Amino acid sequence: MSQPLLEFRDVSVHYRARAADTTAEEIHAVRGVSLSLAAGEKLGLAGESGCGKSTLAMSVLRLLPKSARLEGEILLDGEDISTMSWGRLRAVRWAAGSVVFQGAMNALNPVHRIGDQIAEPIRLHGSLGSSPSTSAVDRRVAELLEQVELPVERARAYPHELSGGQKQRVMIAMALACEPKLIIADEPTTALDVVVQAQVLDLMTRLVEERGIGLVMISHDLAVLASTCERLAVMYQGELVEQGESAAVIARPEHAHTKALAAAFPTVGDPVYRYAPATSSPLGLPEAPSTSDDEPAEPLLRTEDLRVTFGGTHAVAGVDLSVAPGEIVALVGQSGSGKTTLARAVLGLQRPTSGSVYFEGERVPRSASGLKAYRRQVQLVLQDPTSALNPRHSVYEAVAEGLRIHKVPGDEREHVAAALEAAELRPADRYMSVLPHELSGGQRQRVVIAGALALEPRLLVADEPVASLDASVRGEILALLLRLRARLGLAALVITHDLGLAWNIADRVAVMFRGELVEVGAVDSVLRSPSHSYTQSLLDALPSASVLGR
Amino acid sequence: MADIPATTEPAAEAFGGRRARGGGQSTVRYLATKLGGGAISLALVAVLGFFLFRAMPGNPVRSVIEGRGSASYEEIKRIKAEWKMDEPLWTQFVDYMGDLLRGDLGTSIKYRAPVAELIGERFWWTILLTGTALLLAVALGLLLGSRAAWRHGSRFDRWSTGTALVLWSVPTFWLGLIMLVVFSVGLDLFPTAGMTTPGGVSGGWFAELLDVLHHLALPAITMTAVIYAQYLMVMRSSLLEEMNADYLTTARAKGLRDNLVRRRHAVPNALLPTITIIFLHMGLVVSGAVTVEKVFSWQGLGLLTYEAIGVPDYPLLQGTLIVLAAAVIVMNLLADVIYRFVDPRVRSA
Amino acid sequence: MTTNQSPRNSPRAVAWTRRRAALGKVWREFAANKSGLFGLAALVVIVLVAVTVPLWLDREVLSVTRATGEILAPPAGDFWLGTDHAGRSVLALTLWGARISLLVGISAAILSVAIGTIVGMLSAHFRGWTAAVLMRVTDFFLVLPALVLAIVLSTMLERGVGTIILAIGVTSWPSTARLVRAQTLTIETRPYIERAHALGGGHMHVLSKHVLPAVLPLVLANTTLAVGSAIISESTLAFLGLGDASTVSWGGMLKSALDTGAVTAGAWWYLLPPGFAIVLIVLAFTLCGRALETVLNPNLRER
């Protein structure tokens, strides 16, 4: 093998963190990583948030904050980045290696036209000669936009006029502008919908392959990486714990952390993962319930021709959905499909334009007092537990909040303790005086669940309950939902974009598209043999490793 | 109020992206909304002007009487008739609004002349003074503020922020007095009062212009010193907010020089909120004009306001209040319209 | 289940321990801010002087008729800072002047911040026409030249300390309202507000348990800053002759200095002490407020 395109030699990155109480503290973001990438090769860098993968990627162009200290060597095309002069570094940036940033939303300057932003590195690095004519630059920008399949006129658009997927395409066009040998893609598709995500990934891999560009792709989603990259490297707490051929790493993960990551993205259609989210909890998983396709006589919750309209936009356009007692229903769809609005309407947080919600056969009232009683029965679990808890309230106050609002009789402390126990935060006493920021993401989500359980509800509405949690925690929270259903007979309406989650825990699935339910049925039948083309397209968009038989 | 807490925003947000792509509000509608808002504000100024002077407990008549010590019944009646205060409130209001629309602001007690005329004579002098100070302050504030934020924590930052904070704590009129004592009385470099040399200067229009500038220097510098400090702080904090923005990392990754990252990417983004705040706080500049004009005897609207306090000359005070308030409202309206064409984000917001 | 329940561990006690710890932390962070500490020290001295001055400096020294010094004499002998146009000690006048500045500054700031906080919170929390009207009114008053409005108010009402406080207070609240409104809007987009609604909490619950505690630190910092501007406004009104003529104030002293020709006579000792006093006290409040702001800024703390 000839000289590698990119080589990390024993790279470490330390941050000098200025903590609030003025004690300086060193954080070791990356420790002793050695890794190399051949020209034209595609490498996936996987790991949970905070594992140091982004820090490692940003160190390639020395884009680290001032408080960071870099040790070791980073050779880009044989040249050591860490000892380069500023002038040389500026010349290398973008011309030798460019970056597709996470969340193109903020990575593009809001006040410049995208054409100008793409043209900027072209002029700067003189890839069209030292002082190219305006028309030459315009032609090049048009060519790049065509390559990323955007209409050429969009060059005059501002970032906010583009959709998320379009913005990411602009980022890709920008990254290709100076024909670099290396592109670093930092979570390039994280904020995008599954379908768009698949399109953007396809486009990026195709362009990179055609041009023989080396690619380092960073993601927390092992399946996405496995479907695009030949090699995988897994990071954990700043260290490289495993690397190898993608297929081998996925099929036979060696390190415990890789196993957890791999299990977090279940193969839809594989019976092994049915009712079996990845969990290492000693409490185990309850028996799979006996499922039947026919709806029960008396659903716990039922919506009838529910509609929500925002100024001409039909967010929810006539939905009939039911949840039986003790049933877990997954409501899947892309963002903007109206699934969150539907959930809010069910909870009475959003006044429906027309139609009604029935709970145990009775119409849910719209008055504040009537809703208050209803809200004891139906509880909400939000996506991001970090922001779902008031940072100033202790765990005790967070869990007791509902009890206080409803003036639940009995000893408050006992109720709180029972709820914490139910959410498997044990021993309950140890958690009561703790503030949310002292807990891990998974523990915070358990606190949110405990707060809901304290009111002894019949139904949980969970909006993307694991979307913002790390892969290894995901399975634990899902397993908790399954155990709660088995133990308390708690029904759940789980809103998600993740078909794997539906496969993991749900009895029935309802697929939502543009405000309407296009397909409702048992998980086994809908996800194995979808009847609606939209469901099929959602399944097609899953990274190939996570659908059985492809 | 809806009985369900109607927090529709997050849900609406999910659709915001789609709406933004649709091209947003039309220019006509935007202008109509802004002009409508401005018109309401102007109407509110007129109403405020009326009620402050007619419906407040200490109405003009009482104050006038108090000022004279005693007044006979006839005298009170005469004053009331002169102020049309013997009529019902709503007829007074209708008359007042009618007069206002015709541009009639009443007759000054002190000058025995139409208020509108007095204001017309002084208006441009105030514009000259505040305009000069404003331009200087904006230029100085934005330049120093952006540099201070970019080199945040450096010696330059500490010095310029420190100076700004001290100047911010200085009452405008006192700074004016000190300038007067040092540069006019002490060093005799500048005239102590007025806008032109009494009796005029010989040497044609250029000499006259120089004469005005000579008189303008001290008051303009005084005003600039106090308001630039505020602009510096605003610009600095706006830019600091942008400092960690992802698009700046993109710009650096592209290989741009630090200076270019600041000028081309960071500053344009920080500029727009800064300009918004500057225009919103235009009232402060006007307030500053009152004291500066008094200290330097600059014959503008501020001095006119001051002169009205002493008498007290209610029609004059009312007139200056309405004109000054209307001026800042119109300025803000202009700023709103200009944004429409400057900031792409506003264009479809 | 909860067998090890001890009284020390009761939720209330836990909450109090936490609050004490939080307060301690705020103080440590504040103390690390040098300019904030300087401001605080200056404030303590000024407040002490202002409160105790009647105990050690007879009010007699303020009397025009019983003045003992020469007219407009430069600093010398008994008069460390010279005398004014009536032969009174400028030092004594300056010391006594602190009282009215602090009284008006603090009262007006509290009045204005209270109005601003209520208007800001309500206009952000509620939707519909009430909020629209509140916002419209806030924006209207924000744009108006506050000083001119205060001048009109104090001309219309009876002269006195109360009038000045009222005039400054009711004309300077809009910026606080905007700040609190923005902060409330930020807080209300947080999912924990949604969670509180879903738990069944009403407007009062959300406002008092979540919004107000989150807004208060900001309001506190804002009040400190507002005192500074209120003191400037007070001295300006006094300088324009709208003050309470029966009390000594720094603005009033400067007015007399200008009116009696002290400026043209170059009597710097009559000009500098009240001016420096204003700058010092305003700067002290500003530095304190800014330090508090950095320590308490919820945007920086919640991350």
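In what follows, chains carry the letters A, B, and so on, assigned in the order in which the sequence lines appear, proteins first and then strands, with residues in each chain numbered from 1. Since the structure is predicted, the reported quantities are computational estimates derived from the model, not experimental observations.
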Who are the salt bridge (Lys or Arg N to Asp or Glu O under 4.0 Å) partners of Arg195(C), not counting sequence neighbours?
Glu401(A)
Drop me the distance from Leu347(A)'s CG to Glu194(C)'s CD, to the nearest 0.5 angstrom.
8.0 Å
Using the salt bridge (Lys or Arg N to Asp or Glu O under 4.0 Å) rule, take Glu397(A) and Lys209(C) through it: C-alpha gap first, then chi angles, then the decisive distance, then the call.
CA-CA 10 Å; Glu397(A) 287 164 288; Lys209(C) 297 284 179 208; over 6 Å; no
For the CD1 atom of Ile405(A) and the NE2 atom of His205(C), what is their distance to the nearest 0.5 Å?
3.5 Å
Counting heavy-atom pairs under 4.5 angstrom with chain C, the leader among His437(A), His393(A), Arg376(A) is His393(A)
Show the nearest heavy-atom pair for residues Tyr192(C) and Ala388(A), with the distance to one decimal.
CB-O, 3.1 Å
Just to verify, what does Ala277(C) make a side-chain contact (heavy atoms from CB on, under 4.5 Å) with, not counting sequence neighbours?
Thr94(C), Trp250(C)
Tell me the closest heavy-atom pair linking Leu199(C) and Gln379(A), and the distance in Å.
CD2-OE1, 3.1 Å
Looking at Val448(A), Leu389(A), Leu382(A), which one forms a side chain to side chain contact (heavy atoms under 4.5 Å, CB included) with Pro191(C)?
Leu382(A)
Is it true that atom CZ of Arg483(A) has more than 12 heavy atoms of other residues, nucleotides or ligands lying nearer than 6.0 Å?
yes
Interatomic distance, Arg190(C) atom CZ to Asn390(A) atom CG [nearest 0.5 angstrom]
9.5 Å
Taking every non-hydrogen pair under 4.5 Å, which of Leu435(A), Val381(A), Val378(A) racks up the most with chain C?
Leu435(A)
Looking at Phe30(C), I'd like to know if its CZ atom is crowded, meaning that more than 12 non-hydrogen atoms belonging to other residues, nucleotides or ligands lie closer than 6.0 Å.
yes
Which atoms of His210(C) approach chain A - backbone, side chain, both or neither, heavy atom under 4.5 Å
both
